[in-house]
Amino acid sequence: MATEDRVLVLDFGSQTAQLIARRVREQHVFCQLVRHDLTADRIRELSPKGLILSGGPMSVYGEGSPQVDPEIFELGIPVLGICYGMQLACRSQGSDVAAGESREFGRAMCQVNIENPLFFGIPAETQVWMSHGDQVRDLSEHFNSIATTETCPHAAVQHKSKPIYGLQFHPEVTHTTLGGQLLRNFVRDICGCEGTWEISSLIEREIEQVRERVGNKRVICGLSGGVDSSVVAALLYRAIGSQLSCIFVDNGLLRKGEAEEVRREFGSHFKTDLHVVDARDRFLGELAGVSDPQVKRKIIGRVFIDVFKHEAKSIEDAHFLAQGTLYPDVIESGANPDGPAATIKSHHNVGGLPEELGFELIEPLRDFFKDEVRKMGAALGLPDQLVWRHPFPGPGLAVRCLGEITEEKLAILREADAILIEELHRANLYNEIRQAFAALLPIQSVGVMGDARTYEFPIVIRAVTTDDFMTADWYHMPYDVLQRISTRITNSVRGVNRVVYDCSSKPPSTIEWE
Ligand code: XMP
């Protein structure tokens, strides 16, 4: 990245460490997650304007608990410790940390006692979110206690002579009403970051970087119809125009109108060298008679790579392969030596292309979170419908058409799903829901239509809200909307005589049905 102001979050294993980085970026300051044990020397080299020590699941005094290089407090770079991070900072400066009377979890009212730059513009009493077992007990004489809650005498602290601050509560979660303001005060006023980090200027910079790297060579970009690959393609098109070739594999498992939409966007609107590969027969042929979900996934992954490879080889002068890798993927892969350690990879990756393809990788979204990528997409002129589209799994309708897949079932599912999505848009609910889709069950049940008995498939409607797709709540869909969806589907989709609503959370259920 270029040399603008940046703030580093030292990651002590908190579930909200990424959220801290996102919240700082919302203040137009570039922020990255780094490993907790980065040395003071390395930090000096990276020259951040500020450091934030994240929370963490352990006790700072526990055996094997992650520690920090104490020298970082001597660099003169402002430090904000959050929860575990505050306890580390205070302990390193001579304070004592011990278990509180009881674990404190949830909302609390915070009383600000001393005027200070961290709480500038924040009322004397404000709601915060606590989640901790330990707290700072004996605050050393080097600190002022600047805020308290009923159960926490040192809810916020400020070092008397060094630029070190600590918050026992979590400013990054939305339940801390003025958390954004607190982070802003820290990064903008205390650290002195200018706040010039803007999506539009980032796009220009990425474009420059791509041009420089690619020169006059050709880049291949695989399109999936989803947000990430679309933004990569739009960005590359702006950067290198006709040197970009896009490949879109129609696997016969797409939603209604999806292939046409890709053609419209990347063939007509952005006039890329678009290769739509019609591999429907190949995929459906290989999937015939297969009902095990994992076997389906494997077949789809294998065939996809095969088809993609074949098409890519036909583009003779291709040198680079563009991928829509996002910042959370980079963090989770542990690929960056300064970044936090790898965690267990939580997301699925069907269609990951193997190295044997022999291309050099280009990943223009590596520094960005999903919401930033959506903003880039909008700024690049992609339609809202695409930019705000719910996620769609790599194996597509194959994991929503339960059991054996047939063209007939897929056609039914496609129609039902299109009705669902249309009604959600019409009711203005689409953006409130994080993922919604229809699934088709491989059983038949009895119904009656006119005077005739029917024996047809049920359609399941699934709609969830979630922050990270690791856990999810079922969406409390208004009855009138459910009714419209159900009536339209049973009236107009032949082969369906029943609609059911899935009211299961994750866990114990998953979002997809297979
Ligand atoms: P689950 O069903 O595991 O889904 O609760 C969590 C998120 O992952 C998506 N998903 C997949 N994405 N390939 C993908 O690319 C897959 O095989 C796959 N399975 C689930 C799912 O749509 C949801 O967003």
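Both ligands and their constituent atoms are indexed starting at 1 by order of listing. This chain uses plain numbering: 1 for the first residue, then up along the sequence.
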Under 3.5 Å, sequence neighbours excluded: what are the donor-acceptor pairs made by side chains of residues 279-292?
| unit_1 | atom_1 | unit_2 | atom_2 | d |
| --- | --- | --- | --- | --- |
| R280 | NE | D278 | OD1 | 3.0 |
| R280 | NH2 | D278 | OD2 | 3.0 |
| R282 | NE | E286 | OE2 | 3.2 |
| R282 | NH1 | D306 | OD2 | 3.3 |
| R282 | NH2 | D306 | OD2 | 3.0 |
| E286 | OE1 | R302 | NH1 | 3.3 |
| E286 | OE1 | R302 | NH2 | 3.0 |
| D292 | OD1 | Q294 | N | 2.9 |
| D292 | OD1 | V295 | N | 3.0 |

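Taking any N or O of G394, backbone or side chain, at least one lies under 3.5 Å from an N or O belonging to ligand 1. Taking any N or O of F392, backbone or side chain, none lies under 3.5 Å from an N or O belonging to ligand 1.
H175 and Q127 are not linked by any side-chain donor-acceptor pair at a separation below 3.5 angstrom, with hydrogens and angles left out of the test. With no hydrogens or angles considered, a side-chain donor-acceptor pair links D273 and H275 at under 3.5 Å.
Summarising the contacts of atom 12 (N) of ligand 1 with S224, A472, P393, G396, the nearest heavy atom is found in P393. The residue among Q435, Q294, R434, M470 with a heavy atom at the shortest distance from atom 23 (C) of ligand 1 is Q435.
Set against the non-hydrogen atoms of T510, the atoms of ligand 1 under 4.0 Å away are 1 (P), 2 (O), 5 (O). Atoms of ligand 1 found under 4.0 Å from any heavy atom of P395, numbered from 1 in the order shown, are 13 (N), 16 (C), 17 (O). Of all the atoms in ligand 1, the ones that sit under 4.0 Å from a non-hydrogen atom of F469 are 6 (C), 24 (O). Shown in contact with K506 at under 4.0 Å from a heavy atom are these atoms of ligand 1, numbered in order with element: 1 (P), 3 (O), 5 (O), 6 (C).
Between the side chain of H319 and the backbone N or O of V214, no donor-acceptor pair lies under 3.5 Å.
A cation-pi contact links R25 to Y327, judged by a cut-off of 6.0 Å to the six-membered ring centre and 45° from its axis.
In this pair, H36 and F12 present their aromatic rings tilted. The plane angle is within the 30 to 60° band.
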